[in-house]
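Report on the following structure.
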Amino acid sequence: MKYQHWLILTCCLIKYTVAKYKQPNPEKYFMALHVAMLEQNLIEYQDENLTIIDDWYPKGSNHYIVISKRYIRGIRHVNRSHIPLLEQMEEKGLWVARSFRSRRSYLVGYHAEPFFDRLHLHIVSEDLRGRGLKNKEHYNSFTTPFFMPSKDVLHSLRVNGSLHFPSHEQCRLWLKRPLHCAQCNYQPKSIQDYKDKHVAYHNFDTWSPPANVSQVPTGFWIAKMWTFFEEWGNITATPE
DNA sequence: GTTCTAGAAC
DNA sequence: GTTCTAGAAC
Ligand SMILES: [Zn+2]
């Protein structure tokens with residue numbers, strides 16, 4: 001066989017392997033938070049009531065998820081009795097976020113139609129330039145009423161004892177609507193236009209590690225490796 | 001929820 | 001030719 005044949009064969013093999021292992025599995029993703037909240041390297045903070053983790057696909061330079069340890073299905077299943085818990089989630093979440101990047105402002109709230117099972121509060125830096133933000137729907141899910149700010153949720157619970165949710169059709173319209181910068185009147189032509197160009201016009205606290213790996217300072221990786229080997233030492237060390 | 005990609009839009 | 005969007009994922 002000529003080398004071209006080997007090349008084609010190899011390509012087919014790669015394509016087959018990728019197709020086999022990247023099969024869609026919605027059930028797996030639906031339960032992802034149950035797994036993620038136990039993942040040690042994602043956990044930023046935890047106490048007896050809450051776990052705070054890094055979002056696996058951050059939509060802003062910083063993106064934390066606050067999860068209640070006691071299982072609650074979602075924001076549509078809370079009532080007056082949950083007010084103290086929701087207050088604590090907001091307070092602790094912001095405390096964690098600010099302790100890492102104090103100068104950033106954060107969007108704190110719930111999605112009207114969350115995808116994941118289990119109540120979770122989003123704390124995302126308002127620059128919305130994270131590596132996980134890839135389409136219009138991602139952006140709109142934090143900048144339209146699809147995003148229900150924690151403050152509003154708590155207020156509504158205190159006053160009415162319940163929450164009002166928009167219809168599915170309304171949610172779809174919000175997610176599909178044209179991009180509109182949440183900081184000014186500019187209407188980005190696409191999400192790339194926003195992330196690559198427009199975001200630079202705003203005075204967001206810069207240094208965004210996840211946005212572009214090649215721009216991360218070498219010191220960051222050295223620090224990462226240092227902690228890795230430190231942990232490795234702890235794992236492999238034999239107990240006294 | 002993500003990834004990939006064909007075909008539309010530019 | 002490149003960028004963007006929407007829909008499938010066997
Ligand atoms: Zn703007």
Side-chain angles (χ1 to χ4, degrees), chain A residues 7-8 10-39 41-44 51-68 71-77 89 93 107-125 128-148 165-166 168-181 186-200 208-213:
Chain A
L7 198 68
I8 291 165
T10 317
C11 286
C12 289
L13 193 68
I14 290 169
K15 221 175 151 65
Y16 171 79
T17 317
V18 169
K20 198 168 165 64
Y21 285 95
K22 289 284 171 82
Q23 274 178 26
N25 192 346
E27 296 82 13
K28 185 176 80 184
Y29 292 116
F30 179 65
M31 299 300 281
L33 282 184
H34 292 256
V35 180
M37 67 183 291
L38 302 173
E39 201 65 45
N41 47 356
L42 289 181
I43 296 175
E44 294 288 0
T51 303
I52 303 181
I53 60 168
D54 289 318
D55 193 304
W56 204 303
Y57 297 98
K59 307 298 186 285
S61 297
N62 298 81
H63 190 169
Y64 306 98
I65 294 181
V66 187
I67 309 167
S68 153
Y71 175 75
I72 296 161
R73 219 160 135 195
I75 191 63
R76 286 170 190 255
H77 300 83
M89 284 170 70
L107 301 168
V108 183
Y110 305 86
H111 280 150
E113 282 185 349
F115 178 80
F116 291 125
D117 180 50
R118 199 161 190 133
L119 178 70
H120 59 283
L121 172 68
H122 288 274
I123 307 220
V124 54
S125 56
L128 294 175
R129 62 183 333 193
R131 69 175 163 81
L133 192 120
K134 290 183 176 170
N135 57 42
K136 188 165 70 174
E137 288 83 350
H138 288 153
Y139 188 87
N140 283 340
S141 76
F142 289 102
T143 57
T144 65
F146 183 86
F147 187 73
M148 300 165 66
F165 292 95
H168 179 65
E169 182 58 18
Q170 178 64 75
C171 287
R172 208 188 62 84
L173 287 173
W174 279 330
L175 294 180
K176 288 283 174 193
R177 88 178 185 188
L179 287 170
H180 192 144
C181 178
Y186 183 68
Q187 291 178 293
K189 277 143 206 75
S190 70
I191 200 66
Q192 282 317 346
D193 181 29
Y194 171 79
K195 279 181 80 174
D196 296 346
K197 298 189 187 125
H198 183 68
V199 89
S208 42
N212 187 343
V213 173

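This structure is a prediction, so every number in the text was calculated from the model and none was measured. In what follows, every chain begins at residue 1, and chains take the letters A, B, ... in the order their sequences are listed.
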Nearest-Å distance, [atom1] ([X]) to [atom2] ([N])?
{"X": "Lys189(A)", "N": "dA9(B)", "atom1": "NZ", "atom2": "C1'", "value": "15 Å"}
{"X": "Gln192(A)", "N": "dT5(C)", "atom1": "CD", "atom2": "P", "value": "9 Å"}
{"X": "Tyr29(A)", "N": "dA8(C)", "atom1": "OH", "atom2": "C1'", "value": "14 Å"}
{"X": "His138(A)", "N": "dC4(C)", "atom1": "NE2", "atom2": "C1'", "value": "15 Å"}
{"X": "Asn135(A)", "N": "dA8(C)", "atom1": "CG", "atom2": "P", "value": "16 Å"}
{"X": "Phe115(A)", "N": "dT2(B)", "atom1": "CZ", "atom2": "C1'", "value": "9 Å"}

Would you indicate, yes or no, if [N] has its OP1 or OP2 atom less than 4.0 angstrom from a side-chain nitrogen or oxygen of [X]?
{"X": "Lys134(A)", "N": "dT3(B)", "answer": "yes"}
{"X": "His111(A)", "N": "dG1(B)", "answer": "no"}
{"X": "Ser190(A)", "N": "dC4(C)", "answer": "yes"}
{"X": "Lys195(A)", "N": "dT3(C)", "answer": "no"}

Check: Judged by atom type as modelled, is there a donor-acceptor pair below 3.5 Å linking the side chain of Asp193(A) to the main-chain atoms of His198(A)?
Finding: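 No, because the side chain of Asp193(A) does not come within donor-acceptor range (under 3.5 Å) of the backbone of His198(A).
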Ignoring hydrogens and angles, tell me if any N or O in the side chain of His138(A) forms a donor-acceptor pair with the backbone of Lys134(A) under 3.5 Å.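 Yes, the answer is positive, given that a donor and an acceptor are paired below the 3.5 Å cut-off.
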- [ ] Report which part of the nucleic acid Phe30(A) touches: base, sugar-phosphate, or nothing (heavy-atom distance under 4.0 Å, all strands).
- [x]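 If one applies the 4.0 Å heavy-atom cut-off, Phe30(A) turns out to touch nothing in the nucleic acid.
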- Task: Measure from the side-chain heavy atoms of Lys176(A) and tell me the nearest of dT3(B), dA6(C), dC4(C).
- Result: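 Of the candidates, dA6(C) comes closest.
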Exercise for the section: Quick one: sort the Phe142(A) and His63(A) rings into parallel, tilted or perpendicular, breaks at 30° and 60°. Expected result: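 Judged by the thresholds at 30° and 60°, the geometry between Phe142(A) and His63(A) is perpendicular.
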Can you tell me the base-pairing partner of dT3(B)? Count Watson-Crick or G-U wobble geometry only, both distances below 3.5 Å, and say none if there is no partner.
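Pairing partner: dA8(C).
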Exercise for review: Could you tell me if the ring centre of Tyr110(A) sits under 6.0 Å from that of His122(A)?
Suggested key: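 Centroid distance Tyr110(A)-His122(A): not below 6.0 Å, so no.
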